[in-house]
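Data block below; observations after.
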Amino acid sequence: MATTVDTGLTVIRDPASGDEVGRVPQAGPADAAEAIGRAAEAFPGWWETPAAARGAIVRAGAEAVLAQRDELARQLTLEQGKPLREARIEITRFVHTIEHYAGLAKSLRGAYVPNLDVRTHGLVVRRPLGVVVAIVPWNFPTTLLGNKLGPALVCGNTLVAKPAESTPLTTLRIAELMREAGLPDGVFQVITGKGSVLGEALVTDPRVAKVAFTGSTPVGKHVAELAARGVKRVTLELGGSDPMIILDDADVDAAVSAASVGRFFNCGQACLAVKRLYVHERVVDEVVDKLRAKVAKLTLGAGSAEGTMLGPLHSEAQRATLEEQVSDTLARGGELLAGGGRPDGTELEAGWFYEPTLIFEPPHESKVAVEEVFGPALPIWTVRGLGEAIERANASQFGLGSSVWTRDLTAATLAAERLEAGYTWVNSPQIVYDELPFGGFGESGLGKEHGNEALDYYQESKSVVVRQSPR
Ligand code: NAD
């Protein structure tokens, strides 16, 4: 949570208590121009640095972050609200992604095309883009930065990151650690301020070659429009409403466990999260009973408290949106199976807590079905078979992730081919691998992060024709 004070600073607050946990500058257009200037100055030297050396410096940065993992995780919990255990997982994921790309530095390649003509060959040269701006939301402030930082730096770009207003502290500390570990001045900078002011100044600066944005679909569209004016490269990782399908031959215990983690991890504030559950009529009673039992065991509390499994929502606005989505849905139909409100207990009153919530058979046009639900509420519907499940799953403007649980290889293959989403997990929890490209279909995004594919989004290729003698 963040509030502005009149000194040009933003106060960062603990979502579990409202207590102040830090203050950061509220930078404006002049600061944006200065940071971009430093990044542009640093670019030629970083580009000329041998790729192996770039990889080694980036890896040293990742190791420095890992060495401070516990301190960073505590900081992340304080500003974001997530349980300490999940904060540690997040910092570790950041490190793994940066190391993954550091390891690919020596594999950067172009192409050689022989015999284009007599004594003439062609080259496909791949070169960095220049200055990259990374805009990051508050739900996973560090991993979503890492997805951009790793490939951008390894390819030879310099990067200016703008974290969300309410979660800048861990990101600032990571930048400091990576600089101390050897990143040259200007190669990676973090600048803090409002999206509508600082974010726009960064996106529209003519010296910026690419904008890597993660956030909501409406803001992503706006950022893409601004970037288009300068024909800048853009990648967009936006909202989602991932369906999970459980068929009648599924391993129900494993599926229920994945649905519970997939919905309630990070208090439901994840782009890739199980947001709609479609269950075959023959197993729906069993799935519902087992999910209710799991949900009953989720312990709510401050992220820093021992034993907390579900922290607070990140902000008052997040909770208000969720409350509106749930109450509007229940007014139209559906049965409340669990949760549906704020928890009792005075120690939770100061934070933005919300009970883990299950809603059975809400109308397919209700808000929990058609909007992105960014909190701990899961709608469940019965389906008669895979065909109906896929049809329901695809009836969304989003197309980020999806999953299917079945022992039938034919059904799994059909689902993997037909689900309109950038990722489909078959009998697997929603784990994102650095090795595989990730990016949404439809209004969930544009371009890919992760995988070797991410490198394509931080390089430009150009063709060179070489005639060995002028005649
Ligand atoms: P948001 O779109 O409000 O903000 C994201 C970032 O954009 C913040 O840093 C914000 O300051 C900045 N911003 C806001 N207005 C801007 C403007 N006019 N110009 C430039 N920058 C601007 O999103 P949020 O509420 O912080 O994050 C939650 C959303 O992010 C959800 O929709 C979620 O699904 C999505 N998300 C997507 C992914 C993915 O990989 N697809 C991952 C995590 C979160």
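Ligands are counted one by one from 1 in listed order, and the atoms in each one are counted from 1 as well.
Residues Leu348 and Phe353 approach most closely at O-CD1, 3.2 Å, considering heavy atoms. Across all non-hydrogen atoms, the minimal contact from Ala175 to Val190 is CB-CG2, 3.6 Å.
Look at Gly445 and you'll find every heavy atom at least 4.0 Å from all atoms of ligand 1. Ligand 1 has no atom lying under 4.0 Å from any heavy atom of Phe140. Within the 4.0 Å heavy-atom shell around ligand 1 one finds Pro163.
Neither the backbone nor the side chain of Leu272 has a heavy atom within less than 4.0 Å of ligand 1. If you look at His222 next to ligand 1, the close heavy atoms, those under 4.0 Å, all belong to the side chain. Contact annotation for Val136 and ligand 1: only backbone heavy atoms (N, CA, C, O) come within less than 4.0 Å of the ligand. Residue-level proximity to ligand 1 for Thr214 is carried by backbone and side chain together, each with a heavy atom below 4.0 angstrom. At a heavy-atom distance under 4.0 Å, only side-chain atoms of Glu372, from C-beta outward, approach ligand 1.
Taking the six-membered ring where tryptophan is involved, the planes of His364 and Tyr278 are essentially parallel, since the angle between them stays under 30° and well short of 60°.
There is no side-chain donor-acceptor pair under 3.5 Å between Gln430 and Ser403. No side-chain donor-acceptor contact under 3.5 Å links Arg229 and Thr204. Using a 3.5 Å distance cut-off with no hydrogens or angles, the side chains of Gln80 and Thr167 do not pair a donor with an acceptor.
For the pair Ser444 and ligand 1, the shortest N or O to N or O distance does not fall below 3.5 Å. Looking at ligand 1, you'll find an N or O of Leu238 within less than 3.5 Å of one of its N or O atoms. Checked by distance only, ligand 1 and Gly195 come closer than 3.5 Å through their nitrogen or oxygen atoms. Below 3.5 Å of separation, one finds no N or O of Lys194 facing any N or O of ligand 1.
With ligand atoms numbered from 1 in the order given, ligand 1 contributes 43 (C), 44 (C) to contacts under 4.0 Å with heavy atoms of Asn139. Less than 4.0 angstrom separates some heavy atom of Cys271 from each of these atoms of ligand 1: 34 (O), 36 (N), 37 (C), 38 (C), 39 (C), 40 (O), 41 (N), 42 (C), 43 (C), 44 (C). Proximity to Val219 (heavy-atom distance under 4.0 Å) selects the following atoms of ligand 1: 2 (O), 13 (N), 14 (C), 15 (N), 16 (C), 22 (C). Remark: ligand 1 atoms within the under-4.0 Å shell around heavy atoms of Leu144 are 42 (C), 43 (C). Distances below 4.0 Å separate heavy atoms of Glu200 from the following atoms of ligand 1: 17 (C), 18 (N), 19 (N), 20 (C). Every atom of ligand 1 with a heavy atom of Gly215 under 4.0 Å away is listed here by number and element: 2 (O), 5 (C), 23 (O), 29 (C), 30 (O), 32 (O), 35 (C), 36 (N), 37 (C). Close approach of ligand 1 to Val223 is summarised as follows: ligand atoms under 4.0 Å from at least one heavy atom of the residue are 19 (N), 20 (C). Shown in contact with Glu165 at under 4.0 Å from a heavy atom are these atoms of ligand 1, numbered in order with element: 10 (C), 11 (O).
Protein heavy atom nearest atom 40 (O) of ligand 1, with residue, atom name and distance: Glu237 CB, 3.2 Å. Closest to atom 28 (C) of ligand 1 among all protein heavy atoms lies Phe374 CE2, 3.7 Å. Atom 27 (O) of ligand 1 has its closest protein heavy atom at Pro137 CB, 3.2 Å. When hydrogens are left out, the protein atom nearest atom 23 (O) of ligand 1 is Ser216 N, 3.3 Å; that is the closest non-hydrogen contact. If you check which protein heavy atom lies closest to atom 12 (C) of ligand 1, you get Ile135 CG2, 3.6 Å. Nearest non-hydrogen protein atom to atom 24 (P) of ligand 1 is Trp138 NE1, 3.4 Å.
Under 4.0 Å is where a charged nitrogen must lie from a carboxylate oxygen, and between Arg74 and Asp70 no such pair does. The pair Arg342-Glu323 meets the salt-bridge criterion, with a side-chain N (NZ, NE, NH1 or NH2) lying under 4.0 Å from an Asp/Glu carboxylate O. Using a 4.0 Å cut-off between a side-chain N of Lys or Arg and a carboxylate O of Asp or Glu, Glu176 and Arg173 qualify as a salt bridge.
Protein heavy atoms are found less than 4.0 angstrom from atom 18 (N) of ligand 1.
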Evaluation steps, salt bridge (Lys or Arg N to Asp or Glu O under 4.0 Å), between Glu324 and Lys367:
CA-CA 9 Å; Glu324 212 272 313; Lys367 290 196 173 183; 2.9 Å; yes
Yes or no on salt bridge (Lys or Arg N to Asp or Glu O under 4.0 Å) for Lys221 and Glu225, after CA distance, side-chain angles and deciding distance?
CA-CA 6 Å; Lys221 286 179 182 177; Glu225 277 170 20; over 6 Å; no
Before giving the answer on side chain to side chain contact (heavy atoms under 4.5 Å, CB included), spell out for Phe374 and Asn139 the whole-Å C-alpha distance, their side-chain angles and the decisive distance to 0.1 Å.
CA-CA 10 Å; Phe374 222 57; Asn139 57 336; 3.3 Å; yes
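Note that CG of Leu400 and NZ of Lys275 are 7.0 Å apart. Values are rounded to the nearest 0.5 Å. The CG atom of Leu298 lies 6.0 Å from the CG atom of Leu310; values are rounded to the nearest 0.5 Å.
Note that Lys210 lies outside the cation-pi zone of Tyr457, set by a 6.0 Å cut-off to the ring centre and a 45° limit from the axis.
Two rings, from Tyr423 and Trp425, have their centers less than 6.0 Å apart.
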